[in-house]
Amino acid sequence: LMTTNLTTLSNVCQNTAVAAGQFLHKQWSQPRTITAKGFRDVVTDADIAAQKLITERILAAFPNHGFVPEEADSTLPTTGPVRWLIDPLDGTSNYSRQLGSYCVSIAALQGERIVTSAIYDPQRAELFTAVVGQGAMCNGRPIAVSPTNQLAEVFLGLDWAHGRAERRHTLDLVQNLGEEVRTIRALGTAALALAWVAAGRLDAYLNVSLKPWDMAAGQLLIQEAGGRLTDDKARPWHIDASFCLASNGHVHEALSRKL
């Protein structure tokens, strides 16, 4: 990508994430219309409205781009020179119960790789951004993964999958890791947890069943902040990956061995 092109992409990415986050924040205390999408999986009216805001803004800037959005929308193009992976509200369950961890996650995919991404946390007014080869930032200041290199010191984030088999798998992993690490936090928002790994607040994050839009933005943040994100076969992130082990890199092998 031309640098100017990349700058335009990242500006639209960041501004759109913030706009959608501010919209969600305004809606925060309003009653929600909550609909079940599947077993233990909900969507609110706010998710759908935020996604519409995001896709309209991106299409206004880049009419020929495609989308991989969380909420199904048959009106959106699916192919283009750049495809946008969008989670308009990651942490829907938290949001629907007014638990304060949720975010907007947007990433631009060119070919096989994410070239720019943004994760915005409206509760803390924090914007995490990354541009490939240019590092990762929080509110414009560079961030880096933690130096933690002992399992016994690891702050591990994880989340619970919806399906029963995936739950059982997660419980098994918790059993393997629980005695080894410093502590475990279930956060309810994969994208924000990945941003926190990039920023050195968490040392690692584990989830057995994610979608591409959950991981895409965070993956670039972690890569640019010096960490690692792999699937269950120890391969780097790809659009079909669902298992996620993210870490500062230093504790990656030790954690992998326990899984």
Side-chain angles (χ1 to χ4, degrees), residues 9-38 40-62 65-78 80 82-109 114 116-130 159 162 187-196 207 209-221 239 244:
L9 273 183
S10 62
N11 286 344
V12 170
C13 185
Q14 295 174 26
N15 295 339
T16 303
V18 173
Q22 288 170 341
F23 165 78
L24 290 171
H25 196 51
K26 281 199 191 74
Q27 306 283 315
W28 166 251
S29 54
Q30 308 299 314
R32 296 269 63 82
T33 306
I34 301 169
T35 321
K37 279 199 291 193
R40 298 188 182 130
D41 194 6
V42 296
V43 62
T44 73
D45 50 333
D47 296 65
I48 293 162
Q51 182 169 292
K52 195 166 166 48
L53 182 157
I54 293 166
T55 55
E56 282 175 357
R57 277 187 167 232
I58 291 172
L59 279 173
F62 310 110
H65 285 189
F67 294 87
V68 184
E70 170 161 26
E71 309 309 335
D73 181 347
S74 59
T75 68
L76 292 174
T78 54
V82 171
R83 291 194 296 160
W84 293 86
L85 286 84
I86 295 165
D87 197 333
L89 170 47
D90 190 57
T92 300
S93 294
N94 283 351
Y95 187 81
S96 71
R97 301 293 288 262
Q98 289 190 298
L99 291 166
S101 285
Y102 65 95
C103 68
V104 178
S105 176
I106 305 177
L109 180 74
I114 304 296
T116 188
S117 69
I119 292 174
Y120 184 63
D121 172 357
Q123 293 291 106
R124 298 169 187 81
E126 287 186 326
L127 176 64
F128 297 90
T129 58
D159 280 307
H162 302 303
L187 301 158
T189 160
L192 194 53
L194 294 175
W196 289 348
N207 198 315
S209 176
L210 287 175
K211 296 286 195 279
W213 48 79
D214 294 316
M215 283 188 273
Q219 174 270 327
L220 183 62
L221 280 165
I239 201 160
C244 169

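Throughout, residue positions are numbered sequentially from 1 according to the sequence presented. Computed over heavy atoms, backbone and side chain alike; hydrogens, waters and symmetry mates excluded.
- Atom NE2 of residue H25 and atom OH of residue Y120 lie 7.5 Å apart, to the nearest 0.5 angstrom.
- In this structure, T55 contributes its side chain and K52 its backbone to a donor-acceptor pair below 3.5 Å.
- Of all non-hydrogen atoms in A46 and F23, the two that sit nearest each other are O-CE2, 4.0 Å.
- Between P77 and L59, the shortest heavy-atom distance links the atoms CG-CD2, 4.1 Å.
- None of D87, T44, D47 except one satisfies the side chain to side chain donor-acceptor pair (under 3.5 Å) rule with T92; the exception is D47.
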Under the side chain to side chain contact (heavy atoms under 4.5 Å, CB included) rule, what do N94 and S101 come out as? Steps first, then yes or no, please. CA-CA 6 Å; N94 283 351; S101 285; 3.8 Å; yes
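- Taking both residues in full, the closest heavy atoms of H65 and L9 are given as CE1-CD2, 3.7 Å, listed atom of the first, atom of the second, then distance.
- Partners of K37 according to the salt bridge (Lys or Arg N to Asp or Glu O under 4.0 Å) rule, which considers only residues two or more places apart in sequence or in another chain, are E70, E71.
- You'll find the side chain of N15 stays beyond 4.5 Å of the side chain of V18, heavy atoms only.
- Evaluation of the salt bridge (Lys or Arg N to Asp or Glu O under 4.0 Å) rule for D45 yields R32 as partners, not counting sequence neighbours.
- You'll find the side chain of I106 reaches within 4.5 Å of the side chain of T16, heavy atoms only.
- Residues satisfying the salt bridge (Lys or Arg N to Asp or Glu O under 4.0 Å) criterion with D121, sequence neighbours excluded, are R124.
- Note on ring orientation: taking the six-membered ring where Trp is involved, the planes of Y95 and Y102 are perpendicular (angle over 60°, cut-offs 30° and 60°).
- Between L109 and V68, the closest side-chain pair of non-hydrogen atoms is not below 4.5 Å.
- Contacts of D159 classified as side chain to side chain donor-acceptor pair (under 3.5 Å), with partners at least two apart in sequence or in another chain: Y205.
- How far CD1 of I119 is from CD of E126: 11.5 Å, rounded to the nearest 0.5 Å.
- Smallest separation of non-hydrogen atoms from L127 and Q14: CD2-CB, 4.1 Å.
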Pair up each side-chain donor or acceptor in residues 209-220 with any protein partner under 3.5 Å, not counting sequence neighbours, and list the distances.
from, atom 1, to, atom 2, distance (Å)
D214, OD2, K211, N, 2.8
Q219, NE2, Q223, OE1, 3.0

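- A pairwise comparison of heavy atoms in Q123 and G100 identifies CG-O, 3.3 Å as the closest pair.
- Here the shortest heavy-atom pairing between S105 and A191 reads CB-CB, 3.8 Å.
- Inter-residue side-chain proximity for V12 and F62 is flagged as met; some heavy-atom pair is nearer than 4.5 Å.
- A 4.5 Å side-chain heavy-atom check between F128 and S117 finds every atom pair outside the cut-off.
- In terms of the side chain to side chain donor-acceptor pair (under 3.5 Å) criterion, residue partners of T189 (sequence neighbours excluded) are, by chain and number, D90.
- Here the CD atom belonging to Q27 is positioned 13.0 Å from the CD atom belonging to Q22, to the nearest 0.5 angstrom.
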Would you sort out whether V104 and I54 count as a side chain to side chain contact (heavy atoms under 4.5 Å, CB included), showing the intermediate values? CA-CA 10 Å; V104 178; I54 293 166; 3.8 Å; yes
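- Counting only distance, with no hydrogens or angles, the side chain of T116 and the backbone of A130 share a donor-acceptor pair below 3.5 Å.
- Contact annotation: the side chain of D73 never approaches that of F67 to less than 4.5 Å [non-hydrogen atoms, C-beta and beyond].
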